[in-house]
A.B. asks: 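Dumping the structure here so I can ask a few things about it.
In listed order, ligands and their atoms are each counted from 1. Starting from 1, each residue takes its place in the sequence as its number.
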Amino acid sequence: MNNFTFYSPTEFVFGRGTESQTGELCKRYGATRVMIVYGGGSVVRSGLLEKVKESLQAQGISFCELPGVHPNPIDTKVYEGLELAKSFQPDFMLPVGGGSTIDTAKAIAAGYYYEGDFWDFYIGKAKPVKALPLGVVLTIPAAGSEGSGNTVITNTRTHVKNGLRMPMLLRPKFAVMNPELTMTLPAWQTASGISDMMAHILERYLSNTPEVQIGDRLAEGMLLAIMEMAERVMKDPMDYDARANIMWCGTIAHNDTCSLGRQEDWFSHAMEHEISAEYDVTHGAGLAVIFPAFLQYASTHNPHKVAQLAHRVLGVADSGNPSHDALQGTMVLKTWLHDVLHMPVTFAQLGIPSPDLELMNTRLHKLKGEILNGYMQLDAAATLEIYKLALD
Ligand code: NZQ
Ligand code: ZN
């Protein structure tokens with residue numbers, strides 16, 4: 001196991017009715033002027049936004065609102081938020097929604113104290129040294145941004161979608177998580193969220209670091225539980241306990257609990273970000289297309305962890321041939337994503353019958369380097385092969 005530092009100060013307030021504590025929590029973390037950020041209207045329709053505002057008012061906290069965050073959030077909304085912040089001068093950010101809303105709020109939080117263009121942070125030109133604190137009211141378990149120090153934004157001019165990872169600055173102070181709020185999610189978003197959190201677990205699981213049994217067993221346990229809960233929630237969207245388990249899984253899948261002391265591999269995410277940047281598809285659905293292709297490639301080129309996954313999670317018997325078992329496991333997972341979650345598992349099913357693979361592959365390596373150095377060493381020919389495996 002490698003050395004590590006783990007700093008995860010978020011207070012998670014979980015369960016029925018917890019959104020009514022939002023104002024109190026904001027006050028406890030020093031908020032007096034709050035910028036509320038939200039998406040395309042689900043929180044208005046559900047009445048959640050009104051409840052959040054009432055709870056702020058009850059604590060004497062003033063607020064402004066930034067509505068209209070789009071899934072796969074874009075830089076222009078961040079610029080709009082920074083303008084609003086200049087005039088309102090908030091001392092706390094409060095995204096109410098999912099990963100897109102939270103990531104936009106984090107970008108504003110980091111950009112607020114910076115003289116230059118906030119996008120500098122996302123291309124490694126500068127590092128934020130100070131950020132506005134934030135709290136979250138979560139409405140969709142998926143991206144895990146409520147417990148992570150990450151934010152992912154797309155640049156509308158260059159079509160670059162990239163992340164910024166600053167756990168010391170950008171982990172939320174608190175996250176309000178009421179599983180009941182997720183019952184209004186369309187099945188597609190529920191399933192895409194599950195696919196995303198499974199990928200977050202697998203990106204950490206695919207590691208060559210030896211002797212990381214705690215992380216491995218946590219990951220395997222989470223995958224077994226999430227697959228069971230996913231089957232329940234797809235049959236009955238009002239199953240509170242399934243919703244609750246899924247919601248908590250989304251957080252610990254991505255708050256680094258299961259990746260401590262090990263090398264991680266985020267390149268299937270990077271490959272998906274090229275798809276959602278170019279074609280604006282739902283992130284979790286893009287992953288359901290890329291991840292099986294990535295595992296299939298690994299089955300031939302570095303099968304040991306995929307074979308372990310197949311044996312311990314996917315019900316494949318140990319044949320003594322890791323490549324064979326890894327491929328079997330990959331097919332079990334691909335079929336499960338398709339049959340149970342009703343996720344697309346090919347580009348055509350994702351609605352992109354003729355994707356521009358060369359364009360995405362060139363952008364990928366321009367952003368991440370000539371060789372993607374993770375669980376495998378992937379040059380441009382290798383990643384192109386993975387993209388091609390996702391065609392059918
Ligand atoms: O915009 P509204 O109207 O709120 O509708 C949203 C949106 O259309 C809807 N929704 C959310 N909660 C709902 C609801 N509809 C009904 N009832 C509810 N309770 O769901 C849609 C998707 O929302 P979004 O915020 O985009 O979802 P998600 O949490 O999956 O976030 C995806 C974004 O996060 C990034 C992804 O790349 C993508 O841009 N990621 C962020 C990460 C991070 N910060 O750590 C890591 C991830 O790997 C990921 O890359
Ligand atoms: Zn993700």
A.B. asks: Any idea which part of Ala143 is under 4.0 Å from ligand 1, heavy-atom wise: side chain, backbone, both or neither?
C.D. replies: both
A.B. asks: How does Thr282 reach ligand 1, if at all, at less than 4.0 Å between non-hydrogen atoms: by side chain, backbone, both, or neither?
C.D. replies: neither
A.B. asks: With a 4.0 Å cut-off on N to O distance, would you call Lys77 and Asp103 a salt bridge?
C.D. replies: no
A.B. asks: Using 2.8 Å as a strict upper limit, say whether an N, O or S atom of Glu272 approaches the Zn ion (ligand 2) that closely.
C.D. replies: no
A.B. asks: So that I can tick it off, tell me whether Arg262 and Asp216 are bridged by a salt bridge, with the cut-off set at under 4.0 angstrom between side-chain N and carboxylate O.
C.D. replies: yes
A.B. asks: Which atoms of ligand 1 have any heavy atom of His200 under 4.0 Å away?
C.D. replies: 47 (C), 48 (O)
A.B. asks: Find all atoms of ligand 1 within a distance of less than 4.0 Å from any non-hydrogen atom belonging to Ile140, and give their numbers and elements.
C.D. replies: 11 (C), 12 (N), 27 (O), 29 (O)
A.B. asks: Just verifying a value: how many Å separate Tyr375 OH and Leu202 CG, rounded to the nearest 0.5 Å?
C.D. replies: 11.0 Å
A.B. asks: Would His273 count as a contact residue for ligand 1, given that I'm defining contact as a non-hydrogen atom of the residue lying under 4.0 Å from a ligand atom?
C.D. replies: yes
A.B. asks: Heavy-atom contacts with Pro71 under 4.0 Å: which atoms of ligand 1 show up? List them by number with element.
C.D. replies: 7 (C), 8 (O), 26 (O)
A.B. asks: Output, in order, the C-alpha distance, side-chain angles, deciding distance and verdict of side-chain hydrogen bond (donor to acceptor under 3.5 Å, both in side chains) for Thr383 and Asn361.
C.D. replies: CA-CA 7 Å; Thr383 47; Asn361 203 41; 2.7 Å; yes
A.B. asks: Using modelled atom types and a 3.5 Å cut-off, is there a donor and acceptor pairing between side-chain atoms of Ser323 and backbone atoms of Ser299?
C.D. replies: yes
A.B. asks: Hey, is ligand 1 close enough to Ser148 that some N/O pair sits below 3.5 Å?
C.D. replies: yes
A.B. asks: Please say whether His254 places an N or O atom under 3.5 Å from an N or O atom belonging to ligand 1.
C.D. replies: yes
A.B. asks: Consider ligand 1: state whether an atom of it lies below 4.0 angstrom from any non-hydrogen atom of Val43.
C.D. replies: no
A.B. asks: Against heavy atoms of Ala142, which atoms of ligand 1 measure under 4.0 Å?
C.D. replies: 29 (O), 30 (O)
A.B. asks: Is Gly99 close to ligand 1, meaning an N/O of one under 3.5 Å from an N/O of the other?
C.D. replies: yes
A.B. asks: In the protein, which heavy atom is nearest to atom 14 (C) of ligand 1, and how far is it?
C.D. replies: Leu185 CD2, 3.4 Å
A.B. asks: Quick check: does His200 put an N/O/S atom under 2.8 Å from the Zn ion (ligand 2)?
C.D. replies: yes
A.B. asks: Do any heavy atoms of Lys106 fall under 4.0 Å from ligand 1?
C.D. replies: no
A.B. asks: Enumerate the atoms of ligand 1 whose separation from the nearest heavy atom of Thr184 is less than 4.0 angstrom.
C.D. replies: 16 (C), 17 (N), 18 (C), 19 (N)
A.B. asks: Between ligand 1 and Pro73, can you find any atom pair, the residue atom being a heavy atom, that is separated by under 4.0 Å?
C.D. replies: yes
A.B. asks: If the plane angle is over 60° it's perpendicular, under 30° parallel, otherwise tilted; pick one for Tyr387 and Phe347.
C.D. replies: tilted
A.B. asks: Report yes or no: does Gly41 have a heavy atom closer than 4.0 Å to ligand 1?
C.D. replies: yes
A.B. asks: Just to confirm my output: which protein heavy-atom neighbour is closest to atom 6 (C) of ligand 1, and how far is it?
C.D. replies: Ser42 OG, 4.5 Å
A.B. asks: Test of understanding: clusters of I, L, V, M, F, W, Y form through side-chain heavy atoms closer than 4.5 Å, transitively. Do Val160 and Phe121 belong to the same one?
C.D. replies: yes
A.B. asks: Identify, by atom number and element, the atoms of ligand 1 in contact range of Lys161, meaning under 4.0 Å from any of its heavy atoms.
C.D. replies: 36 (C), 37 (O), 38 (C), 39 (O)
A.B. asks: On a heavy-atom basis, which atom in Gly17 and which in Glu180 lie closest, and how many Å separate them?
C.D. replies: N-OE1, 4.0 Å
A.B. asks: Which atoms of ligand 1 are found less than 4.0 Å from any heavy atom of Gly98?
C.D. replies: 25 (O), 29 (O)
A.B. asks: Have a look at Glu11 and tell me which of Arg171, Arg28, Lys173 forms a salt bridge (Lys or Arg N to Asp or Glu O under 4.0 Å) with it.
C.D. replies: Arg28
A.B. asks: Taking the side chain as every heavy atom from C-beta outward, state whether Arg312 and Glu220 have any atom pair closer than 4.5 Å.
C.D. replies: yes
A.B. asks: I'd like to check which ligand 1 atoms, numbered from 1 as shown, lie under 4.0 Å from a non-hydrogen atom of Asn72.
C.D. replies: 38 (C), 39 (O)
A.B. asks: Is His269 close to ligand 1, meaning an N/O of one under 3.5 Å from an N/O of the other?
C.D. replies: yes
